[in-house]
Amino acid sequence: MLKGLLFDLDGVLTNSAKFHLAAWNNLANELGITLTDDQLDSLRGISRIDSLNLILKYGGQENKYSEAEKEQFAAEKNAKFVKQVETMTAKDILPGISKFLVDAKKQNLKMIIASASKNAPRILTRLGIMDEFDGIVDPATLHNGKPDPEIYIKAQQIAGLQSNEVISFEDAEAGVAAIKAAGQFAVGIGNKELLKEADYIVSKTSDLKLSEIETVFQKRK
Ligand code: BG6
Ligand code: MG
C-alpha cells in the first residue's frame, strides 16, 4: 500500500537544476574546460564535490589541483548558485507540482525530500513549501552520493516506511539508479531515453497525475 512520496528537489519540484548547470558551465569555462551537453547533463543529481571532480575529469585535469583549490572552486560555484536561489519565489515551483502536493496531502501520504543539495532548506523556504514536507535528508550525513541508494534508503527511514510503500521522483539518471538500487518504485521526469530504468516516466512535471501513477504502482510485480 502506498504510504509515502520521496522527492528529489532540483529539476523535480523546481527548476533550480538550470542554475546549477549554468554555474558549473561557468566554472568549467573559467578552468578552460568546454563541456558537451551530455557531460553537463550527467552532473544532474550529483553532489557538489563529485560534480567538480567529474568536470575536471572531462577536462583531463583530474590531478591538476589540490583539495584546498578544489574546495575554493566549489565554494565559488556555490556562491553563484546561491545568488540565483535568492531570486526564487513560489513562481519557480514547476508546473503541476503544487496541485500534486495538495493531492498527496489529501491522501495523508508522508512526504520527504531526498536531495543531494545542501541548499535544499534554503530553496524550499524561498519557494514557500518547506512546511509541506515531513522531513529532509541531510546530505552532510551521507557517505555516498547518487547513484548510491543511501539517500533514498534514509528518506524511507525518516518516513518510517518500507521500500514497497513509497514512490520516489527524479529527473536525473543517477537519481533513478539510486531509487531502483533502494528497491523503490521510480518515477522519472524528463528524457525518456535517459530515464528508461524508471517504472513510470513523464516528460514534464505538468504530466504528473497521482491517481495514474498509483494505478501503475499497484500493478507492479
Ligand atoms: C543536486 C543537484 O540536487 O544537488 C546537483 O541536482 C547539485 O546539480 C547537488 O550538484 C548538490 O547541490 P549543492 O546545493 O549542495 O551544491
Ligand atoms: Mg534533480
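Note that ligands are numbered from 1 as they come in the structure, with each ligand's atoms numbered from 1 the same way.
Between Val202 and Ile213, every side-chain heavy-atom pair lies at or beyond the 4.5 Å cut-off. Using a 4.5 Å heavy-atom threshold, the side chains of Trp24 and Leu52 count as touching. Counting heavy atoms from C-beta outward, Thr87 and Arg126 have side chains that stay 4.5 Å or more apart.
Looking only at protein heavy atoms, the nearest one to atom 6 (O) of ligand 1 is Gly45 N, 2.8 Å. The single protein non-hydrogen atom nearest to atom 12 (O) of ligand 1 is Ser117 CA, 3.3 Å, given as residue, atom name and distance. Looking only at heavy atoms of the protein, atom 15 (O) of ligand 1 is closest to Lys118 N, 2.7 Å. Atom 2 (C) of ligand 1 has its closest protein heavy atom at Asp10 OD2, 3.3 Å. Looking only at heavy atoms of the protein, atom 16 (O) of ligand 1 is closest to Arg48 NE, 2.7 Å.
In terms of modelled atom types and a separation under 3.5 Å, the side chain of Thr36 and the main chain of Gln39 share a donor-acceptor contact.
Within the 4.0 Å heavy-atom criterion, the part of His20 lying near ligand 1 is the side chain and not the backbone. Counting heavy atoms closer than 4.0 Å to ligand 1, residue Ile46 contributes backbone atoms (N, CA, C, O) but none from C-beta onward. Contact annotation for Leu21 and ligand 1: no heavy atom of the residue comes within less than 4.0 Å of the ligand. Of the heavy atoms in Ser51, only side-chain atoms (C-beta onward) come closer than 4.0 Å to ligand 1.
Classified by interplanar angle (parallel below 30°, tilted 30° to 60°, perpendicular above 60°), the ring pair Phe133/Phe7 is perpendicular.
For Phe81, no nitrogen or oxygen atom sits less than 3.5 Å from a nitrogen or oxygen atom of ligand 1, counting backbone and side chain alike. At least one N or O atom of Asn119 sits closer than 3.5 Å to an N or O atom of ligand 1. For ligand 1, the polar-atom distance check finds no N/O of Asp8 at less than 3.5 Å from any of the ligand's N/O atoms.
For Phe169 and Tyr200, the gap between ring centers reaches or exceeds 6.0 Å.
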CA sep, side-chain torsions, deciding dist, call: Thr14, Asp92, side chain to side chain contact (heavy atoms under 4.5 Å, CB included): CA-CA 6 Å; Thr14 182; Asp92 292 293; 3.9 Å; yes

Audit row: Lys180, Asp199, salt bridge (charged side-chain N to carboxylate O under 4.0 Å, His left out) steps and yes/no: CA-CA 9 Å; Lys180 292 317 297 170; Asp199 300 287; 2.8 Å; yes

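If you look at Asp8 and ask which of its N, O or S atoms sits nearest the Mg ion (ligand 2), the answer is OD2. Residue Asp171 approaches the Mg ion (ligand 2) most closely through its N/O/S atom OD1.
Remark: Glu67 engages Lys70 in a salt bridge, criterion side-chain N to carboxylate O under 4.0 Å. Between Arg122 and Glu86 there is a salt bridge, since a side-chain N of the basic residue sits under 4.0 Å from a carboxylate O of the acidic one.
Among the backbone and side-chain atoms of Asp10, an N, O or S atom lies under 2.8 Å from the Mg ion (ligand 2).
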